[in-house]
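First the proteins, then the strands, lettered A, B, ... as listed; each starts at 1. The figures here come from the full heavy-atom set of this structure, side chains too, leaving out hydrogens, waters and symmetry mates.
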Amino acid sequence: MKRGILDELRAARAEKRSVLLVTELPSGAQRVLGYDAAEALGGPLRDAALAALRRDQATVHGEGEGRLFLQPQQPPLRLLCVGAVHIAQPLVRLAEVLGFEVVVVDPRAAWAKAARFPTGVTLVDEWPDDALEELAPDHRSAVVALTHDPKLDDPALEVALASPAFYVGALGSKKTHAARVGRLREAGVEDAALARIAGPIGLSIGARSPAEIAVAILAEVVKALRQGFTPRALPASESAP
Amino acid sequence: MTDEAVLPAFGAVEEDVLGAAARWRDEGAGVALATVVRTWGSSPRPAGSRLVIRDDGTFLGSVSGGCIEGAVVQEALTVIAEGPAKMLEFGVSNERAWEVGLACGGRVEVFVERVG
């Protein structure tokens with residue numbers, strides 16, 4: 001690997017750009033392509049390059065001498081947590097182990113301070129919708145609303161649903177979620193967007209403690225990342241209490 | 001194995017590998033990069049996994065669950081000394097694989113290149 005290629009890969013990582021490293025085998029000749037350059041490739045190589053980028057999966061294209069190793073490098077995964085609540089504590093620690101950059105948003109200064117978070121976690125004490133607008137969730141971002149407080153969760157969800165975030169979840173029972181869906185619908189959010197909310201949040205594994213609920217949430221986040229998110233059935237309409 | 005206390009988040013390993021490659025080159029050391037290119041059967045690390053090797057034998061990252069790292073490091077030292085890139089294959093069909101211990105029954109192809 002030439003130093004120029006190494007520096008290009010590191011710059012892309014630092015600037016959070018998706019790139020594809022193409023290595024000719026067995027010679028080792030290399031180039032780095034962005035999405036646009038991959039789009040501009042011809043024939044089956046174009047399809048293979050785009051698939052490698054979309055699935056974040058390295059693959060060999062072709063056979064024998066001159067075959068190409070396609071190695072995607074995606075920006076870091078991010079977990080944007082709304083609410084510095086109890087569940088957020090195990091959640092951010094487990095998310096860090098999974099390789100996520102973690103941001104916790106909570107305008108209630110006392111909550112963000114009271115909760116102890118690892119040093120790598122960014123704490124933002126702005127209103128969730130302002131904070132999320134600024135954080136601009138992308139296709140490598142998961143957003144979870146954990147406060148149980150409609151004043152905080154609802155505006156955050158509206159911003160998240162308008163973004164390409166690969167996962168949007170909201171803590172709360174079926175009843176709470178039905179009321180939430182009712183409110184968001186009234187606020188003008190389309191049903192297709194509402195079905196993107198994982199609510200009740202997480203895979204159903206009978207989780208009880210905050211740490212177990214964090215595992216359920218992250219298991220569903222990983223599933224959405226690797227297999228895509230299956231839209232949830234919307235709760236039967238019910239007027240907000 | 002990397003000391004657990006400094007083990008970075010799994011998703012961040014890649015960055016550390018490339019960062020270490022650059023840092024070690026800046027220090028004037030010879031450096032090689034080993035990358036899993038293809039796997040068959042059960043294999044602990046997916047294609048794209050990387051191991052960076054410094055000419056004093058220090059390494060960071062992984063290309064298996066620790067089964068073949070020793071052999072890959074040895075080959076990498078040769079690549080650092082001699083130049084041309086190499087394709088390595090480990091698996092049940094390879095006598096050497098048993099010696100180095102890829103006992104999981106998987107097969108893995110690793111590309112080793114010098115970092116310029």
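Contacts of Gln74(A) with chain B are absent, with no heavy-atom separation under 4.5 Å from either backbone or side chain. Looking at Arg38(B), the atoms closer than 4.5 Å to chain A (heavy atoms on both sides) all sit in the side chain, from C-beta outward. At a 4.5 Å heavy-atom cutoff, the contact between Leu25(A) and chain B is made by side-chain atoms alone. For chain B, the nearby parts of Pro26(A) are the backbone and the side chain; heavy atoms of each come within less than 4.5 Å. Val31(B) does not touch chain A: none of its heavy atoms, backbone or side chain, sits under 4.5 Å away.
Annotation: Arg46(A), atom CZ; neighbour count of heavy atoms from other residues, nucleotides and ligands within 6.0 Å is above 12. Surrounding CD of Glu134(A) are at most 12 heavy atoms belonging to other residues, nucleotides or ligands under 6.0 Å away. More than 12 non-hydrogen atoms from other residues, nucleotides or ligands lie less than 6.0 angstrom from NE2 of His61(A).
By number of non-hydrogen pairs under 4.5 angstrom with chain A, the leading residue of Arg114(B), Lys86(B), Glu109(B) is Arg114(B). Interface remark: of the candidates Lys2(A), Arg67(A), Glu101(A), Arg67(A) forms the most heavy-atom pairs closer than 4.5 Å to chain B.
Interatomic distance, CG of Asp26(B) versus CZ of Arg3(A), reported as 4.5 Å (0.5 Å rounding). In this structure, Ile5(A) CD1 and Leu33(B) CG are separated by 12.0 Å, a value rounded to the nearest 0.5 Å. Annotation: the span from Arg25(B) atom CZ to Leu6(A) atom CG amounts to 10.0 Å, rounded to 0.5 Å.
In terms of heavy-atom proximity, Gly48(B) sits nearest to Phe69(A) at N-CZ, 3.8 Å. Residue Ala47(B) comes nearest to Ala58(A) through the heavy atom pair O-CB, 3.6 Å, listed as atom of the first residue, atom of the second, then distance.
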Which pairs of donor and acceptor atoms, one on a side chain in residues 210-224 of chain A, lie under 3.5 Å apart (sequence neighbours left out)?
residue: Glu212(A); atom: OE1; partner: Arg208(A); partner atom: N; Å: 2.8
residue: Glu212(A); atom: OE1; partner: Ser209(A); partner atom: N; Å: 3.4
residue: Glu220(A); atom: OE1; partner: Tyr167(A); partner atom: OH; Å: 2.6
residue: Glu220(A); atom: OE1; partner: Gly202(A); partner atom: N; Å: 2.8
residue: Glu220(A); atom: OE1; partner: Arg232(A); partner atom: NH2; Å: 3.3
residue: Glu220(A); atom: OE2; partner: Arg232(A); partner atom: NH2; Å: 2.7
residue: Lys223(A); atom: NZ; partner: Gln227(A); partner atom: OE1; Å: 3.4

For Leu18(B) and Arg13(A): C-alpha separation, side-chain torsions, deciding distance, then whether side chain to side chain contact (heavy atoms under 4.5 Å, CB included) applies. CA-CA 10 Å; Leu18(B) 296 182; Arg13(A) 178 64 58 107; 5.8 Å; no
